[in-house]
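See structure below.
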Amino acid sequence: MLGLDESIKDWFASQVSVWQLKNGRHDLPWQKTRDPYKIWVSEVMLQQTQVKTVIPYYLKFLKKFPSIRSLAEADLDSVLVIWSGLGYYSRARNLHQAARTINTRYSGRFPSDFESIVGLRGIGKSTAGAILVFAFNERFSILDANVKRVVTRFFYNVLDVGATHSINQLWSLVDDLVPSEGIVEYTQGLMDLGAGICKPSAPICELCPLNKHCYAYARGLFDVNQKPKSRQKSVVTKNYLVFKRGAHIILQKGSSSGIWPDLLNFPECTNDQLIKLPFLLQQNKFQFGEISQLPALTHELTHLKIAIRAFLIEISSSRRPRLINNSAWIHMSDLDNHPIPKVVRKIIALVARRKSSV
DNA sequence: AACGCGGGGAT
DNA sequence: ATCCCAGCGTT
């Protein structure tokens with residue numbers, strides 16, 4: 001407990017709720033339903049991912065997997081296909097696994113109590129709270145980036161932001177702020193305020209329904225949030241081999257220990273193998289034309305930068321080299337039916353560009 | 001409690 | 001280049 005005045009709590013919730021009903025977002029796809037399954041899918045997609053990015057993926061996903069059972073019975077591959085390009089693919093894995101858990105443990109019915117929900121793979125405290133609010137109209141709190149920012153700025157004076165326990169302080173604060181009525185519009189309002197008014201930079205405080213008692217606004221504080229020390233990304237160099245035969249390319253399923261497990265990518269090789277590549281191909285009686293290097297490319301991941309050297313190898317024979325395991329010829333117009341990370345599309349775009357320029 | 005996760009968009 | 005995003009799982 002942070003010893004908040006009851007009147008300020010009531011005022012805060014009331015301001016947020018009233019503002020939301022008039023000025024907030026009401027037409028997002030997942031706002032048209034109370035189906036916990038659909039709410040769940042949206043919340044998982046929205047983890048560390050912006051609303052605008054999620055919308056098309058959400059619509060595609062629900063069309064393909066309209067129910068918990070359809071998701072549980074699907075192959076992981078078909079789930080990853082829909083997820084391709086959205087990133088953080090472990091979310092898709094977790095979603096799939098949790099659907100199967102719901103099938104077996106809860107007879108296919110989405111659980112409605114916090115402990116059961118938060119016990120599902122890929123669902124933490126905040127996502128569980130959001131599901132309980134939006135699907136079950138239960139009084140729970142959430143703490144996403146929006147809420148964190150709004151609450152930290154408004155209640156800056158009652159928080160010890162520099163403390164190591166600051167995240168726990170924020171949780172106890174938002175728990176304390178949960179209103180007795182109107183939890184849906186209150187919760188949605190906090191996020192809408194964070195997204196549209198109380199923005200990270202250049203917040204529009206003049207339009208904020210909380211500005212009258214906002215600590216940061218009163219003090220002219222700009223950034224009261226802790227900025228995480230930016231770590232230097234390590235860089236790795238990879239050689240990708242783009243075997244191309246007509247409109248087909250060879251893609252290989254990633255190992256479970258590497259980057260992008262279970263997704264398709266180009267075969268890789270070491271620098272040593274690269275030098276010996278013509279010899280290796282000949283040894284496999286593999287008929288190939290000239291080996292050309294595509295323009296250099298870097299792909300950035302959360303904690304890693306990949307410097308990519310891609311080599312285009314035109315193939316005339318229809319066989320597949322034995323030295324490439326778990327691989328297949330994929331038609332370039334058929335990529336939407338395969339689970340691939342975005343970097344593969346980038347490289348294929350380079351291949352297509354080269355072809356047209358010649 | 002801090003860190004890794006091995007993305008992607010906006011500026 | 002940098003920052004930010006409807007956070008979670010692991011150690």
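A note on names: the letters A, B, ... follow the listed sequences, proteins ahead of strands, and every chain is numbered from 1.
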Gap between atoms [atom1] and [atom2], on [X] and [N] respectively (whole Å):
X	N	atom1	atom2	value
A:I340	B:dG7	CD1	C1'	15 Å
A:Q97	C:dG9	CD	P	10 Å
A:D144	C:dC5	CG	C1'	9 Å
A:I131	C:dC8	CD1	C1'	13 Å
A:K305	C:dA1	NZ	P	6 Å
A:Q47	B:dG8	CD	C1'	15 Å
A:Q50	C:dG7	CD	P	10 Å
A:I117	C:dA6	CD1	P	22 Å

- request: Report yes if a donor N or O on one partner sits less than 3.5 Å from an acceptor N or O on the other, where the partners are the side chain of A:T302 and the base of B:dG7; otherwise report no.
  value: yes
query: Which residues in residues 82-93 of chain A have at least one heavy atom lying under 4.0 Å from any atom of DNA chain B?
result: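 Within this stretch, A:G85, A:L86, A:G87, A:Y88, A:Y89, A:S90 sit under 4.0 Å of the strand.
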N or O in side chain of [X] less than 4.0 angstrom from [N] OP1/OP2:
X	N	answer
A:H299	B:dG8	yes
A:R121	C:dT10	yes
A:K52	B:dA10	yes
A:N94	C:dG9	no
A:K342	B:dG9	yes
A:Q48	C:dG7	yes

message: Quick one, A:L86 with A:T49, criterion side chain to side chain contact (heavy atoms under 4.5 Å, CB included). Give me CA distance, side-chain angles, the key distance, then yes/no.
response: CA-CA 8 Å; A:L86 191 56; A:T49 310; 4.0 Å; yes
Under 6.0 Å between the ring centres of [X] and [Y]?
X	Y	value
A:Y106	A:F110	no
A:W83	A:Y57	no
A:F311	A:Y240	no

field: Spacing of the P atoms in B:dG4 and C:dA6 (rounded, Å)
entry: 24 Å
Among [options], which nucleotide sits nearest the side chain of [X]?
X	options	answer
A:T49	C:dT10, B:dG7, B:dG8	B:dG7
A:T127	C:dG7, B:dG7, C:dC4	C:dG7
A:R149	C:dC4, C:dT10, B:dG8	C:dC4
A:L301	C:dG7, B:dG8, B:dG7	B:dG7

statement: When A:G122 and A:L46 are each assigned the nearest nucleotide of DNA chain C, the 5'-most assignment goes to A:L46
Residue whose closest nucleotide on DNA chain C lies nearer the 5' end, A:I123 versus A:R25: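 Nearest-nucleotide comparison on DNA chain C picks A:R25.
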- prompt: Is there a donor-acceptor contact under 3.5 Å linking the side chains of A:Q252 and A:N326?
  reply: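 Note: A:Q252 and A:N326 side chains miss the donor-acceptor criterion.
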- prompt: Do you see a donor-acceptor pair shorter than 3.5 Å between the side chains of A:N271 and A:N239?
  reply: yes
Describe the nucleic acid contact of [X] in one word from base, sugar-phosphate, nothing, applying a heavy-atom distance below 4.0 Å.
X	answer
A:I142	nothing
A:L143	nothing
A:V44	nothing
A:Q188	base
A:L28	base
A:S126	sugar-phosphate

query: Distance under 6.0 Å and angle within 45° of the ring axis: does A:K38 meet both against A:W30?
result: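 Judged by the rule (NZ or CZ under 6.0 Å from the ring centre, within 45° of its axis), A:K38 is not positioned above A:W30.
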Lys/Arg cation over aromatic A:F12: A:K9, 6.0 Å, 45° cone: no
message: Please give me the minimum heavy-atom distance between A:V81 and A:N337, naming the atom from each residue.
response: CG2-O, 3.7 Å
